[in-house]
Amino acid sequence: MALYLSQSLPISSSIQPNSSFFSIPYNFLIIAALIIAPILEEITFRGVFTKNKILKWFSLIAIILLVVFSNTIALKIVFVPYILSLFYYNSKKNNVSLNILILLNALLFSFAHLNNDYINNIEYIFAPLFIRFAMGLFLVWICINFSIIKSMIFHAIWNLCPVVFMSYILFFPNTEINHFENNELKVTWNRVSKSTSKVNIFPKTNKNSIVSESSEVLFLLKSLEWSKNKSDGNYKFNPIEPYMNYKFDIELKDTIHKYEDLYNKIETFLIASKLVERIKLNTSSDNKNE
């Protein structure tokens, strides 16, 4: 029901996970999604509904640490009534206290998966929040009526669905050849399978081209940071197609000043070709100006 009803709610394609998400290697992402996350998240959020005292204490400590180190304001707000309801449930042990705890637990689980980009764009928060809230309720139901092991298994299967979909796109991509050209660059690029084992080749002093047989866009930018005129920590980049590998054949038109400001030249190409999104970070100086 949550998945069906959320389709009528506004969804923003501009709100993306934190850039740290894309810095996780693809292989580790699979392990985290299918093994680590289901185990840790179920113990953290559903451990309080078990009869195991160790899991109960682990759940309490893990949620406290999660709230302390999280920058999601909504998570910190929900945490206070959640802790109060937890103590109330342990003292009363009735259906009313249990139902309150279940609702707040699912809400806490929901906000733990949303960053402040969603919170600051309130019109887009309801679709992802609704789905995660329903998921949280269902996982609590599994844990209470069956076991936390079965809620871990269901959680892993749930995560498997987007992993399979994403992996299929990465290993069997659309390999259509694309072209880009401006006054500084002439580029031919296309997607390549994640399974490719070809070696990356980057610019050499005696060449007027940059060739990468297989690389992610963020890795390409990282490899060219040596050519930046100055460091700029006010921006971050998110790939439009996370973990996708590309083949780049980049010809530098200016053979005299070919490596001057090379990073910004490549950055311009990647943004214009809609391969990355450039996002301005909120700095302390910006906040003072506001």
Side-chain angles (χ1 to χ4, degrees), residues 1-6 8-12 15 17-18 20-21 36-152 154-156 158-159 282 287:
M1 288 179 61
L3 290 169
Y4 176 76
L5 294 176
S6 64
S8 62
L9 298 171
I11 299 175
S12 174
I15 299 178
N18 294 327
S20 58
F21 172 83
I36 299 176
I39 293 174
L40 287 183
E41 289 188 11
E42 289 310 299
I43 294 176
T44 299
F45 293 99
R46 261 63 69 176
V48 295
F49 299 105
T50 67
K51 297 180 180 179
N52 190 308
K53 290 184 178 180
I54 295 177
L55 293 183
K56 286 179 179 288
W57 278 107
F58 183 94
S59 173
L60 178 61
I61 295 171
I63 286 179
I64 291 174
L65 292 175
L66 176 66
V67 172
V68 169
F69 291 103
S70 173
N71 63 349
T72 304
I73 299 173
L75 185 65
K76 299 178 186 294
I77 295 173
V78 177
F79 171 74
V80 176
Y82 174 76
I83 291 296
L84 293 176
S85 69
L86 181 60
F87 286 113
Y88 179 72
Y89 167 70
N90 286 321
S91 62
K92 297 295 181 181
K93 293 288 185 180
N94 55 37
N95 288 335
V96 174
S97 61
L98 176 61
N99 290 336
I100 293 174
L101 181 63
I102 289 173
L103 291 173
L104 288 172
N105 181 276
L107 193 59
L108 196 72
F109 176 76
S110 305
F111 281 119
H113 288 81
L114 300 178
N115 56 42
N116 281 329
D117 287 339
Y118 284 101
I119 309 302
N120 296 333
N121 295 271
I122 193 67
E123 68 272 22
Y124 299 121
I125 193 176
F126 296 105
L129 184 65
F130 193 25
I131 294 172
R132 286 170 175 82
F133 182 72
M135 178 67 175
L137 291 176
F138 193 60
L139 286 168
V140 172
W141 178 81
I142 294 175
C143 180
I144 292 176
N145 290 279
F146 300 96
S147 69
I148 194 171
I149 299 296
K150 287 185 171 62
S151 69
M152 289 177 185
F154 181 84
H155 197 148
W158 178 272
N159 288 354
N282 292 324
N287 294 332

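Along the sequence shown, the residues carry numbers beginning at 1.
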**Report entry** Any side-chain heavy-atom pair of W141 and I102 under 4.5 Å
**Finding:** no

Report task. Quick one: closest heavy-atom pair of F133 and L103, and the distance? Result -> CE1-O, 3.5 Å

Query raised in the report: Which heavy atom in N105 sits nearest to a heavy atom in V48, and how many Å separate them?
Result: ND2-CG2, 4.3 Å

Query - side-chain hydrogen bond (donor to acceptor under 3.5 Å, both in side chains) partners for S97, two or more places apart - result: N94

Query - Distance, nearest 0.5 Å, that separates NE2 of H155 from CG of L40 - result: 10.5 Å

Query raised in the report: Would you say the side chain of N52 lies within less than 4.5 Å of the side chain of I148, judging by non-hydrogen atoms?
Result: no

Report task. Can you establish whether the number of heavy atoms outside K93 located under 6.0 Å from its atom NZ is more than 12? Result -> yes

Report task. Please report the shortest heavy-atom distance between F109 and R46, naming the atom on each side. Result -> CE1-NH2, 3.5 Å

Requested in this report: Calculate, to the nearest 0.5 Å, the distance between atoms OG and NZ belonging to S147 and K51 respectively.
Outcome: 12.0 Å

Query raised in the report: Hey, is the main chain of T44 close enough, under 3.5 Å, to the side chain of S59 for a donor-acceptor pair?
Result: yes

Query - Side-chain (K76) to main-chain (S70) donor-acceptor, under 3.5 angstrom - result: yes

Query - Separation of I83 CD1 from L60 CG (nearest 0.5 Å) - result: 5.0 Å

Requested in this report: Could you check Y88 against L101 for side chain to side chain contact (heavy atoms under 4.5 Å, CB included), going step by step and ending with a plain yes or no?
Outcome: CA-CA 9 Å; Y88 179 72; L101 181 63; over 6 Å; no

Report summary line: In T72, V78, L75, the residue satisfying side chain to side chain contact (heavy atoms under 4.5 Å, CB included) with V67 is L75

Requested in this report: Apply side chain to side chain contact (heavy atoms under 4.5 Å, CB included) to V140 and F49, showing your working.
Outcome: CA-CA 8 Å; V140 172; F49 299 105; 3.9 Å; yes

Report task. Decide yes or no for L139 and F45: does some side-chain heavy atom of the first lie under 4.5 Å from some side-chain heavy atom of the second? Result -> no

Query raised in the report: Is there a donor-acceptor contact under 3.5 Å from the side chain of K56 to the main chain of T50?
Result: yes

Report summary line: In this structure, NZ of K150 is separated from SG of C143 (nearest 0.5 Å) by 11.0 Å

Query raised in the report: How long is the span from the CD1 atom in I142 to the CD1 atom in I149, to the nearest 0.5 Å?
Result: 12.5 Å

Report task. Output the distance between atom OG (S110) and atom CG (L129), rounded to the nearest 0.5 Å. Result -> 5.0 Å

Query raised in the report: So, for F154 and F138, is the gap between ring centers shorter than 6.0 Å?
Result: yes

Query - Chi angles and distances behind the side chain to side chain contact (heavy atoms under 4.5 Å, CB included) call for H113, E41 - result: CA-CA 11 Å; H113 288 81; E41 289 188 11; 3.2 Å; yes

Query raised in the report: Where is the tightest heavy-atom contact between I77 and P81, given as atom of each residue plus distance?
Result: O-CD, 3.0 Å

Query raised in the report: Does the side chain of Y82 reach to within under 4.5 Å of the side chain of L107, using non-hydrogen atoms?
Result: no

